[in-house]
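Keep in mind the model is a prediction, meaning the values are calculated, not measured.
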Amino acid sequence: MGYDWRKSSHSGAEAECVEVSLADSVGVRDTKARHLGQLTVSRSAWTALLSVVQPAREHRG
């Protein structure tokens, strides 16, 4: 499976971040440790995670 990796725009020029690839499944990897591989989760698991993380982030300001 080919991945199109994307880094958060909030990371700016920083190299310490997590990259995400959205496809039929979602790949997540550490930018500084790409050689360690990636975590792959289903789209539904990724959506469930975002439904918890995004509201918490909005409250944090």
Of Leu39, Leu50, Val41, the residue whose pairing with Val26 passes side chain to side chain contact (heavy atoms under 4.5 Å, CB included):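 Of Leu39, Leu50, Val41, side chain to side chain contact (heavy atoms under 4.5 Å, CB included) with Val26 is met by Val41 alone.
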Non-hydrogen atoms of Leu22 and Arg43 that approach each other most closely: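 Scanning both residues completely, I find the closest heavy atoms to be CB-NH1, 3.4 Å.
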Nearest heavy-atom neighbours spanning Val28 and Trp46: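 Nearest heavy atoms, Val28 then Trp46: CG2-CZ3, 3.6 Å.
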Backbone of Cys17 reached by a side-chain donor or acceptor of Thr31 within 3.5 Å: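 Looks like yes, one N/O pair under 3.5 Å.
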Verdict with supporting geometry, Arg34 and Leu36, side chain to side chain contact (heavy atoms under 4.5 Å, CB included): CA-CA 5 Å; Arg34 292 178 180 150; Leu36 295 176; over 6 Å; no
Shared hydrophobic cluster for Val20 and Val53 (ILVMFWY, side-chain gaps under 4.5 Å):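 Both belong to a single hydrophobic cluster.
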Close side-chain approach of Asp4 and Arg6, heavy atoms under 4.5 Å: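 When only atoms from C-beta onward are counted, Arg6 and Asp4 do touch, with a gap below 4.5 Å.
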SB check Arg29 Glu19 (cutoff 4.0 Å):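 Salt bridge present between Arg29 and Glu19.
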